[in-house]
Amino acid sequence: MDLIIGLLGLAFFIAVYFIPSYIAIKRNRHNRVMIFCINAFLSWNVVGWFVALYLALKDDPQDKMYNAVKPKM
């Protein structure tokens, strides 16, 4: 029972840890790889997590241009 609770807690922690990366992918950010790298390697100190979240949520005119000219597959 303790193992199951521990694994559920770990899964929850990982899901919360990668929320900025998930948002960047869902919003189709042009810099989603950079956001993922910041999220994966710098989020352990909480400041990195908020930086990645800010980058994932902020409006960027380059994203609008990138999405407008991106080829459809």
Side-chain angles (χ1 to χ4, degrees):
M1 187 66 170
D2 289 337
L3 178 64
I4 293 172
I5 292 173
L7 289 175
L8 287 174
L10 180 65
F12 177 75
F13 174 76
I14 290 172
V16 170
Y17 190 84
F18 285 106
I19 284 175
S21 296
Y22 177 76
I23 292 170
I25 290 168
K26 283 301 199 183
R27 293 185 73 186
N28 201 20
R29 298 299 309 255
H30 75 280
N31 58 347
R32 61 186 168 266
V33 174
M34 180 187 70
I35 293 170
F36 175 78
C37 289
I38 291 171
N39 192 195
F41 299 116
L42 297 176
S43 289
W44 58 269
N45 66 0
V46 181
V47 174
W49 190 86
F50 282 108
V51 168
L53 184 64
Y54 171 75
L55 291 173
L57 291 175
K58 77 173 192 150
D59 286 335
D60 190 2
Q62 189 173 0
D63 279 334
K64 293 175 186 165
M65 182 178 62
Y66 175 79
N67 290 331
V69 299
K70 186 176 69 170
K72 305 286 187 223
M73 292 191 183

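Residue numbers count from 1 along this sequence.
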Say whether, by atom type as modelled, one donor and one acceptor occur between the side chain of Asn45 and the main chain of Gly48 under 3.5 angstrom.
yes
Determine, using the 4.5 Å side-chain heavy-atom cutoff (strictly less than), whether Tyr54 and Met34 are members of one ILVMFWY cluster.
yes
By side chain to side chain contact (heavy atoms under 4.5 Å, CB included), which residues pair with Ile25, not counting sequence neighbours?
Arg32
Are Tyr22 and Phe36 connected into the same hydrophobic cluster when the rule is that any two of I, L, V, M, F, W, Y join if their side-chain heavy atoms are below 4.5 Å apart?
no
Are Arg29 and Leu55 close enough that some pair of their side-chain heavy atoms sits under 4.5 Å apart?
no
When rounded to the nearest 0.5 angstrom, what is the spacing between CD1 in Ile5 and CG in Leu10?
14.0 Å
Shortest non-hydrogen contact between Trp49 and Pro20, atoms and distance:
NE1-CD, 3.4 Å
Would you say Val46 ends up clustered with Ile23 if hydrophobic residues are merged whenever their side chains have heavy atoms under 4.5 Å apart, either directly or through other cluster members?
yes
Mind checking whether Arg27 and Ile35 have side chains closer than 4.5 Å, heavy atoms only?
no
All side chain to side chain contact (heavy atoms under 4.5 Å, CB included) counterparts of Tyr17, not counting sequence neighbours
Phe13, Asn39, Ser43, Trp44
CG of Leu53 to CD1 of Ile38, rounded to nearest 0.5 Å, is 11.5 Å
